[in-house]
Each structure stands twice: as C-alpha cells, then as structure tokens.
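Structure first, commentary second.
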Amino acid sequence: MDYKTDVQVRNISKEELMEKYCFQEQFMESCRLCPYYDRRWSCPPGLPDALCYLEHFSSAYLIAVKVAYSDEIRNKVTSAEEAEYVRQESYEVVKRKLLLALLELEKMIPTGKSLGAGRCILCEHCTREEGKPCRYPQRRRYSITGFGFDFTGILKDLFGITLLWSTKGLPEYDVAVAAFFT
C-alpha cells in the first residue's frame, strides 16, 4: 500500500484538555451515529465518565498520526468500497500499531494510561455483539472520541491539521489521534 505517515506529539495538562476539548454530552450524538456504537467494548454506551476515569492523571501526551495517501492511490479509488479497502490496509494498520506501541509504553511507565484512536481493533470480532465479556479487558483501551473529546478541535488547535472528508474516494489524508496520560 502506497502511503506515508507523519507522527506528531503534543503535551497538554489534563485540566486544559478537559476544559477545552472534552464535551461528552455534546459528542454523544455523533457516537450514536457510528456503526460501532454499542458494538465495541471500547465505545459508548457504558464508558466511564472521562473526568472520573482520568482523575489521577495530570498530563496528557496527544499523538496524531497522519496517514497520507499518494496521488496514484487516490486517483485509482473511485468508490466508498475501494476507499474502505485502502483504509483497512493502511489507516487501520497504523491505528493498530499505535495502540500496541501505547500498550508497550504502559509497561515501561506503569502509572500511565492510554486512550485509543477510535474503536478497539485488537479482535476481529468484538464479543460485545454476542453479549459476552471482553476477551482482553487488560489490553482494551477506551476510544478518545468515545470519551467525548473534540477530535476536530484538538487537531486544529494543537496540531494545525484540518480534517478532510471525501464521499466517494479517499481524502488526501486520514488522521488517528490517541493519548497517553501520566
């Protein structure tokens, strides 16, 4: 797959992050519209309150990974189905690597905790859809967007990145954002 990644990290106090960018109620409607709502253990409903979950932390390292697609790939992709295939082979691979790297970082800094970039992607099929407990509760991390963080605002204000959308093909890039709290 022909794509490039650009990784940026920003540190922000948890208080500033919560005050400026966490709006659980406001973003819950977006979560309800997501196809993974109530289908992944990392996603709403049922997530803990963000403020309570993160109460013991004072700082957050936000990690943004931009997955930029080549013009050649973008010109070949003309349908939503083709775009989904490319994303599965690139963007979703990057998100998985990001989550696994953060889990390794937690081993090195056991007082830290991660929030993932979107839904959990550790399993091909989540047991939540079957009404069963999570297979890997010790490795599952909640979605940063599921906690109601303003993804668009964080990208714009802290990283200088504008989200791009495309209804038929691929945008110039996709962006995954995760966090590591200390």
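- Between the side chain of Lys66 and the main chain of Asp6, no donor-acceptor pair closer than 3.5 Å is present.
- The side chain to side chain donor-acceptor pair (under 3.5 Å) analysis of residues 46-65, with sequence neighbours excluded, yields the pairs Asn11-Ser59.
- Taking the side chain to side chain donor-acceptor pair (under 3.5 Å) definition, one finds that Asp38 meets it with Arg128, sequence neighbours left out.
- Ser42 is linked by a side-chain contact (heavy atoms from CB on, under 4.5 Å) to Arg40, Arg119, Cys120, Arg140, counting only residues two or more places apart in sequence or in another chain.
- Taking CZ from Phe57 and CE from Met18, the interatomic distance works out to 12.0 Å, rounded to the nearest 0.5 Å.
- With values rounded to the nearest 0.5 angstrom, Asp2 atom CG is found 10.0 Å from Ser90 atom OG.
- Residue Tyr36 is found outside any hydrophobic cluster, as its side-chain heavy atoms come under 4.5 Å of no other Ile, Leu, Val, Met, Phe, Trp or Tyr.
- Listed by first and then second residue, the side chain to side chain donor-acceptor pair (under 3.5 Å) pairs that reach into residues 169-182 are Tyr69-Asp174, Arg87-Asp174, sequence neighbours excluded.
- Within the 4.5 Å cutoff, the side chain of Ile63 has no heavy atoms near those of the Val177 side chain.
- Taking the charged nitrogens against the carboxylate oxygens, Glu92 and Arg96 have no contact shorter than 4.0 Å, which rules out a salt bridge.
- Here CD1 of Ile12 is found 9.5 Å from CD of Glu19. Values are rounded to the nearest 0.5 Å.
- Once rounded to the nearest 0.5 Å, the distance linking OG of Ser70 with CD of Glu72 reads 5.5 Å.
- In the displayed structure, Glu130 atom CD is contacted under 6.0 Å by more than 12 heavy atoms of other residues, nucleotides or ligands.
- The other residues sharing a hydrophobic cluster with Leu100 are Leu99, Leu103, Leu122, where clustering joins ILVMFWY side chains under 4.5 Å apart.
- With sequence neighbours excluded, the residues that form a side-chain contact (heavy atoms from CB on, under 4.5 Å) with Ser13 are Glu15, Glu16.
- Contact check for Tyr136 versus Cys123: side-chain heavy atoms found under the 4.5 Å cut-off.
- Residue Phe147 holds its CZ atom at 5.0 Å from CG of Leu47, rounded to the nearest 0.5 Å.
- For Tyr37, the side-chain contact (heavy atoms from CB on, under 4.5 Å) partners at least two apart in sequence or on another chain are Met28, Cys31, Arg32, Pro44, Pro45.
- Residue pairs meeting the side chain to side chain donor-acceptor pair (under 3.5 Å) criterion with at least one member in residues 98-111, sequence neighbours excluded: Glu104-Lys107, Glu106-Ser114, Glu106-Arg141.
- Applying the side chain to side chain donor-acceptor pair (under 3.5 Å) criterion to Arg10, with sequence neighbours excluded, gives Gln8.
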Under 3.5 Å, which donor-acceptor pairs do the side chains of residues 149-162 form with other protein atoms, sequence neighbours left out?
from	atom 1	to	atom 2	distance (Å)
Asp150	OD1	Thr152	N	3.3
Asp150	OD1	Gly153	N	2.9
Asp157	OD2	Tyr21	OH	2.9

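- With sequence neighbours excluded, the residues satisfying side-chain contact (heavy atoms from CB on, under 4.5 Å) with Ala179 are Leu62, Leu115, Ile144, Phe181.
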